[in-house]
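Reading through the structure tokens given below for one structure.
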Amino acid sequence: MDRYDLVIVGAGPAGLTAGLYAGRSRLRTAVLESMMPGGQAAITDMLENYPGVGSVNGAELSQKMLEQMKAFGAELLTGEVTGFESGDDGFAVSAGGKTYAARAVIVASGTGFRKLGVPGEEELAGRGVSYCATCDGPFYKGQEIAVVGGGDSALQEALYLTTFAKKIYLIHRRDEFRAVPVLDERVRSHEVIECLCSNVVTAIRGENGVEALELHDKKTGKDRTLAVAGVFLFVGLEPRTAFLKNFVELDESGFVVTDQEMKTSVRGVLAAGDCRAKLLRQVSTAVGDGATAAFAAQRYLEDDEW
């Protein structure tokens with residue numbers, strides 16, 4: 001069993017920042033990631049609200065964070081966490097068929113995309129149903145597509161997709177979008193985007209790929225079929241915390257409950273980033289969480305203070 005001072009679960013902005021701070025503190029640190037380092041940031045085309053850098057591509061920023069973390073000695077290991085146990089001398093974290101011993105753990109597992117839960121979504125996933133505009137947008141050059149959602153992510157990704165699609169239907173179940181005003185203004189004034197508010201998707205149709213959406217207009221009560229070649233779903237996020245159930249305190253939505261020092265209900269376990277119960281989930285807040293969690297873990301390991 002490989003032994004570390006600190007194991008960090010997740011290599012998004014929170015995990016990478018925690019790894020950087022832990023490495024600088026000379027803690028033997030492993031960062032476990034089951035997918036792409038960078039988390040949601042890595043698949044975001046452009047970040048405009050990360051202080052000091054102006055507009056920056058999410059993948060590029062994530063790569064710089066990863067390189068900086070590695071330069072200070074933290075190890076990036078591949079594997080999805082399948083087990084999490086505590087013992088007399090710390091914790092055992094199982095991932096990718098291996099078990100890692102840790103004196104302390106920071107959970108920075110982030111979030112996954114919430115599913116719409118309508119007929120055709122699962123069957124056509126990867127065949128016209130997408131949750132990543134950066135990944136799949138280039139496949140729809142010159143075609144008509146739909147984006148479902150009304151928050152910042154949905155509007156931001158719809159704007160990105162205008163680079164490729166000739167027509168985008170932005171579908172939202174409420175009368176107004178929940179995004180920040182600057183994004184709202186941009187999508188409403190864009191000639192490629194048509195906003196369909198007060199509409200819900202009731203089914204996704206197609207044989208070998210997406211061909212159409214079934215829509216229900218909440219105001220008129222009428223149903224109709226909208227022909228599209230693909231649909232991008234941005235209807236919210238769910239925390240990746242299933243492995244923590246019955247281990248640390250979670251809120252009713254599954255997010256990890258912490259105090260202001262990122263401490264969870266279990267001594268020696270901290271949480272940071274989007275998986276944590278908090279008001280705002282942004283790269284800037286994740287970075288702050290990661291730095292705080294690493295500093296708190298260092299104090300715990302050195303002074304046994306909790």
Side-chain angles (χ1 to χ4, degrees), residues 2-42 50-51 58 61-81 84 90-93 95 100-111 239-241 243-244 247-248 255-278 280-303 305-306:
D2 294 333
R3 297 185 177 276
Y4 292 89
D5 295 318
L6 177 65
V7 165
I8 300 169
V9 181
L16 293 174
T17 303
L20 167 63
Y21 274 70
R24 283 172 53 85
S25 299
R26 298 297 186 263
L27 298 178
R28 189 178 185 220
T29 303
V31 181
L32 301 175
E33 176 56 59
S34 61
M35 297 181 290
M36 179 190 304
Q40 302 288 354
Y50 191 73
L61 179 63
S62 300
Q63 184 61 33
K64 289 180 179 179
M65 288 182 174
L66 175 61
E67 292 170 356
Q68 189 176 11
M69 182 196 77
K70 286 183 172 180
F72 285 96
E75 300 177 45
L76 178 67
L77 305 175
T78 303
E80 183 174 357
V81 174
F84 193 86
F91 305 91
V93 183
Y100 305 92
R103 296 167 58 206
V105 173
I106 295 175
V107 178
S109 50
T111 57
R240 292 194 175 103
T241 56
F243 64 96
L244 292 172
F247 190 87
V248 302
F255 291 95
V256 184
V257 176
T258 72
D259 64 10
Q260 64 181 5
E261 296 181 3
M262 309 299 132
K263 299 172 184 175
T264 72
S265 59
V266 174
R267 187 173 179 272
V269 180
L270 304 98
D274 286 4
C275 70
R276 187 173 77 88
K278 59 179 183 176
L280 183 63
R281 293 180 173 86
Q282 296 282 293
V283 174
S284 56
T285 62
V287 166
D289 284 0
T292 301
F295 185 73
Q298 179 191 350
R299 290 191 62 189
Y300 165 71
L301 293 171
E302 291 181 351
D303 304 325
E305 292 184 3
W306 196 254

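Positions are given from 1 along the sequence. For the numbers below, each heavy atom of this structure counts, side chains included, while hydrogens, waters and symmetry mates do not.
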Requested in this report: Would you sort out whether L270 and K263 count as a side-chain contact (heavy atoms from CB on, under 4.5 Å), showing the intermediate values?
Outcome: CA-CA 5 Å; L270 304 98; K263 299 172 184 175; 4.2 Å; yes

In Å and rounded to the nearest 0.5 Å, what is the [atom1] to [atom2] distance from [X] to [Y]?
X	Y	atom1	atom2	value
S109	I8	OG	CD1	12.5 Å
Y4	L27	OH	CG	13.5 Å
L66	L61	CG	CG	11.5 Å

Query raised in the report: Among all residues two or more places apart in sequence or in another chain, which pass the side chain to side chain contact (heavy atoms under 4.5 Å, CB included) test with A101?
Result: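 Partners of A101 by the side chain to side chain contact (heavy atoms under 4.5 Å, CB included) criterion, ordered by chain and then number, come out as M1, R3.
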
Give a yes or no answer on whether the side chain of [X] reaches the backbone of [Y] with a donor-acceptor pair at less than 3.5 Å.
X	Y	result
D274	G110	no
T264	V269	yes
E261	A296	no
R276	R281	no

Between [X] and [Y], which heavy-atom pair has the shortest distance, and what is it?
X	Y	value
A14	A108	CB-CB, 4.1 Å
P37	S62	O-CB, 4.2 Å
A11	L76	CB-CD1, 3.9 Å

Query raised in the report: Taking the six-membered ring for Trp, are F91 and F84 parallel (under 30°), tilted (30 to 60°) or perpendicular (over 60°)?
Result: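 If you compare the ring of F91 with that of F84, the planes turn out parallel.
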
Query raised in the report: Do any pairs count as a salt bridge (Lys or Arg N to Asp or Glu O under 4.0 Å) and have a residue in residues 5-17, sequence neighbours left out, and if so which ones?
Result: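 For residues 5-17, and leaving out neighbouring residues, the salt bridge (Lys or Arg N to Asp or Glu O under 4.0 Å) pairs sorted by first residue read D5-R103.
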
Report task. Using the side-chain contact (heavy atoms from CB on, under 4.5 Å) rule, take M69 and M65 through it: C-alpha gap first, then chi angles, then the decisive distance, then the call. Result -> CA-CA 6 Å; M69 182 196 77; M65 288 182 174; over 6 Å; no

Query - side-chain contact (heavy atoms from CB on, under 4.5 Å) assessment of Y21 paired with T292 - result: CA-CA 9 Å; Y21 274 70; T292 301; over 6 Å; no

Query raised in the report: Mind checking what makes side chain to side chain donor-acceptor pair (under 3.5 Å) contact with Q68, not counting sequence neighbours?
Result: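 Partners of Q68 under the side chain to side chain donor-acceptor pair (under 3.5 Å) test: none.
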
Query raised in the report: Going by heavy atoms in the side chains, are F247 and V107 under 4.5 Å from each other?
Result: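 SC-SC contact between F247 and V107 ruled out.
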
Query raised in the report: For V81 and S34, what are the C-alpha separation, side-chain angles and deciding distance, and is it a side-chain contact (heavy atoms from CB on, under 4.5 Å)?
Result: CA-CA 8 Å; V81 174; S34 61; over 6 Å; no

**Report entry** Residues, nucleotides or ligands: over 12 heavy atoms within 6.0 Å of F243 CZ
**Finding:**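 Yes, because the 6.0 Å sphere around CZ of F243 holds more than 12 heavy atoms from other groups.
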
